[in-house]
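Worksheet for the structure shown next.
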Amino acid sequence: MSQTFTPPLPRFTDGILCYYENVTTEVQLASIVNIPNWHFQRIVFPRERLLLEVPADALLDVYGATEDSQETLLEQIPCQRLQVREENPSGDGWESTQTG
């Protein structure tokens with residue numbers, strides 16, 4: 001079994017906890033590039049969930065592959081829209097404001 005080590009992300013003073021789920025059947029690439037001196041990029045497999053702490057003004061770019069294997073920007077989501085809330089009405093602990 002192989003293991004991958006991902007170094008911890010830097011702590012941001014204005015950081016928010018965000019949640020993204022790839023609800024498609026295709027592999028996606030999630031990327032944040034609008035934060036100076038910081039770059040985040042991860043492959044997100046179908047039904048995989050991503051939980052990360054980012055600056056409040058971060059934008060999550062979600063890319064997918066076209067039939068000719070070219071990357072295309074599917075959507076750009078303000079991470080504040082993906083912010084995790086502490087409690088939800090159903091009581092299972094947390095949820096995000098992500099719509100899908």
Side-chain angles (χ1 to χ4, degrees):
M1 171 168 54
S2 66
Q3 293 184 353
T4 341
F5 174 73
T6 303
L9 298 174
R11 303 287 292 173
F12 298 102
T13 56
D14 65 339
I16 59 173
L17 188 61
C18 298
Y19 169 83
Y20 175 77
E21 180 178 1
N22 178 357
V23 296
T24 73
T25 58
E26 305 295 325
V27 173
Q28 295 178 337
L29 177 68
S31 180
I32 296 176
V33 296
N34 71 309
I35 305 301
N37 302 317
W38 187 67
H39 179 78
F40 173 85
Q41 191 171 57
R42 293 287 185 276
I43 292 175
V44 187
F45 292 96
R47 306 303 302 166
E48 186 175 15
R49 298 171 181 151
L50 187 63
L51 189 65
L52 63 152
E53 184 178 6
V54 298
D57 58 343
L59 298 171
L60 183 69
D61 294 339
V62 179
Y63 294 88
T66 61
E67 290 181 13
D68 57 354
S69 299
Q70 296 293 316
E71 277 185 7
T72 184
L73 180 63
L74 301 175
E75 61 182 321
Q76 186 176 67
I77 310 166
C79 289
Q80 287 185 340
R81 205 173 95 204
L82 303 174
Q83 187 172 0
V84 174
R85 297 184 210 161
E86 289 188 33
E87 286 285 331
N88 71 22
S90 67
D92 64 359
W94 61 278
E95 68 178 58
S96 80
T97 55
Q98 177 180 356
T99 56

Single-linkage hydrophobic cluster Leu74~Leu50, side-chain heavy atoms < 4.5 angstrom: yes
Smallest separation among heavy atoms of Cys18 and Cys79, with atom names: SG-O, 3.3 Å
Contact check, side chains of Pro46 and Val27, non-hydrogen atoms, under 4.5 Å: yes
Side chain proximity check, Gln83 to Leu17, heavy atoms < 4.5 angstrom: no
CD (Glu26) with more than 12 external heavy atoms under 6.0 Å: no
Common cluster, Ile43/Val62, ILVMFWY with side-chain heavy-atom separation under 4.5 Å: no
Same apolar cluster: Leu82 and Ile35, side chain cutoff 4.5 Å: yes
Side-chain touch Trp38/Ile32, heavy atoms, less than 4.5 angstrom: yes
Spatial distance of atom OG (Ser31) from atom CG (Leu60) [nearest 0.5 Å]: 8.0 Å
Side-chain heavy atoms of Glu21 within contact of Glu48, under 4.5 Å: no
Identified side-chain contact (heavy atoms from CB on, under 4.5 Å) partner of Gln80 from the options Val54, Asp57, Ile16, Leu59: Ile16
Hphob cluster co-occupancy, Tyr63 + Tyr20, side-chain heavy atoms under 4.5 angstrom: no
